Amino acid sequence: MSNGVTIGRAAAFVGVTVKTVRHYHRLGLVAEPERDSSGYRRYGSAELLQLVQVRTLAAAGVPLAGIGAVLDAEAAQFGAALADVGRQLTERIDELVARRDTLQRLADGDRALLPDRACAVLDRMRDLGLDPGYVAAQREALVLARALVPAGFDGFLSQLERGLHDREFVELTRRAWEAESWQPDDPGIEELATAMADRFTSPTPRCSGTTPACGPGRTPRPSTG
């Protein structure tokens, strides 16, 4: 059995082309093995290891011009260099995962513009049976709030979350939205106005017994537009 493999088999073993192996030789990254009696260069385990190291570092994003310095470094420096390459790979992976998640969110119009927490608020509104027009208006408000007042966005979400856990607030919201279609002389308008005034001018905010997140702040005023 001959001592080593040909350049073609070496390239196949490493997963590159023969042209690439020769390019590594020209750059001085891998020493060219001696030719055998038949005139073929034979690659042993040492040369194959060099090829694998160069290919792995190149695939990890290390420029070919910098691979030689990495391979020639002392053991401690070599380990530190590999750790740095690993850190850069992790950052690239995180970035790619974020891009993939953003791409997947495009299938859902809400999630393309809003974080999951805001989408959960909109889902909660739908589950409570609030009018689709009201939900659409709140979606628009959330998108604009996130774009115009990003620092206050989480606070706005917290208000909505507290309100949606308060049955009285939800009912007032539902009636206030429906009132837009009422006639000006509808007696229900005065009744609704009284209920809302009582609710929002009370010195102590009232939360339902199922409102663990209501906290010390008032729930938000129902939006009518």
Side-chain angles (χ1 to χ4, degrees), residues 1-124 139 142-154 157 161:
M1 181 176 179
S2 59
N3 185 22
V5 299
T6 63
I7 188 172
R9 290 189 177 276
F13 177 82
V14 176
V16 297
T17 64
V18 169
K19 181 178 179 180
T20 297
V21 173
R22 288 178 173 149
H23 185 54
Y24 291 166
H25 288 323
R26 284 195 297 272
L27 293 176
L29 298 175
V30 179
E32 286 188 287
E34 297 294 331
R35 296 182 185 275
D36 63 11
S37 58
S38 301
Y40 293 101
R41 296 189 186 278
R42 295 288 176 176
Y43 293 74
S45 61
E47 291 80 20
L48 291 175
L49 175 59
Q50 288 180 324
L51 286 171
V52 167
Q53 288 174 329
V54 173
R55 177 191 177 278
T56 301
L57 290 170
V62 179
L64 290 178
I67 288 178
V70 174
L71 295 177
D72 293 339
E74 297 293 334
Q77 294 175 319
F78 181 69
L82 292 184
D84 185 58
V85 173
R87 178 187 57 77
Q88 294 178 41
L89 278 177
T90 298
E91 291 176 354
R92 287 168 56 191
I93 290 170
D94 291 342
E95 180 182 353
L96 289 172
V97 168
R99 290 182 182 180
R100 182 197 63 191
D101 292 345
T102 300
L103 184 64
Q104 292 174 340
R105 295 175 77 91
L106 291 179
D108 185 324
D110 288 344
R111 285 175 170 75
L113 297 171
L114 296 168
D116 288 340
R117 184 182 169 199
C119 293
V121 167
L122 295 175
D123 289 341
R124 171 76 174 161
R139 175 187 180 276
L142 284 167
V143 171
L144 294 179
R146 190 185 187 200
L148 298 174
V149 198
F153 184 71
D154 285 344
L157 272 183
E161 288 167 339

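If you're wondering where the values come from, they're calculated on a predicted model, not measured in any experiment.
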Less than 4.5 Å apart, side chain to side chain, heavy atoms only: is that true for [X] and [Y]?
X	Y	value
R124	V121	no
I7	R22	yes
Y43	V21	yes

Atom [atom1] in [X], atom [atom2] in [Y]: separation rounded to 0.5 Å?
X	Y	atom1	atom2	answer
L82	L89	CG	CG	10.5 Å
L64	L57	CG	CG	10.0 Å
L49	Q53	CG	CD	4.0 Å
L29	Y24	CG	OH	8.0 Å
R146	D154	CZ	CG	9.5 Å

State whether the side chain of [X] and the backbone N or O of [Y] hold a donor-acceptor pair below 3.5 Å, judged by distance alone.
X	Y	value
R55	V14	yes
T20	V16	no
Q88	V85	no
R139	L114	no

Practice task
Flag the pair R41 and E32 as a salt bridge only when some basic side-chain nitrogen lies within less than 4.0 angstrom of an acidic carboxylate oxygen.
Solution key: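 Salt bridge flag = yes for E32 with R41.
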To check you understand the geometry: which heavy-atom pair defines the closest contact between [X] and [Y], and what is its length?
X	Y	result
P33	H25	CD-CE1, 4.3 Å
L71	F78	CD2-CE1, 4.1 Å
A10	L51	CB-CD1, 4.2 Å

Are more than 12 heavy atoms, taken from residues, nucleotides or ligands other than [X], located less than 6.0 Å from that residue's [atom1] atom?
X	atom1	value
R99	CZ	no
R117	CZ	yes
Y40	OH	no
E91	CD	yes
F13	CZ	no

Exercise for the section: Begin from the C-alpha positions of R42 and V5 and carry the test side-chain contact (heavy atoms from CB on, under 4.5 Å) through to its verdict. Expected result: CA-CA 5 Å; R42 295 288 176 176; V5 299; 5.6 Å; no
Practice task
Just do the side-chain contact (heavy atoms from CB on, under 4.5 Å) check on R9 and T6 with the steps written out, would you?
Solution key: CA-CA 5 Å; R9 290 189 177 276; T6 63; 3.7 Å; yes
Problem - Residues L96, R100; criterion side-chain contact (heavy atoms from CB on, under 4.5 Å); working and verdict - result: CA-CA 6 Å; L96 289 172; R100 182 197 63 191; over 6 Å; no
Handout entry: Audit row: V62, T56, side-chain contact (heavy atoms from CB on, under 4.5 Å) steps and yes/no
Key = CA-CA 9 Å; V62 179; T56 301; over 6 Å; no
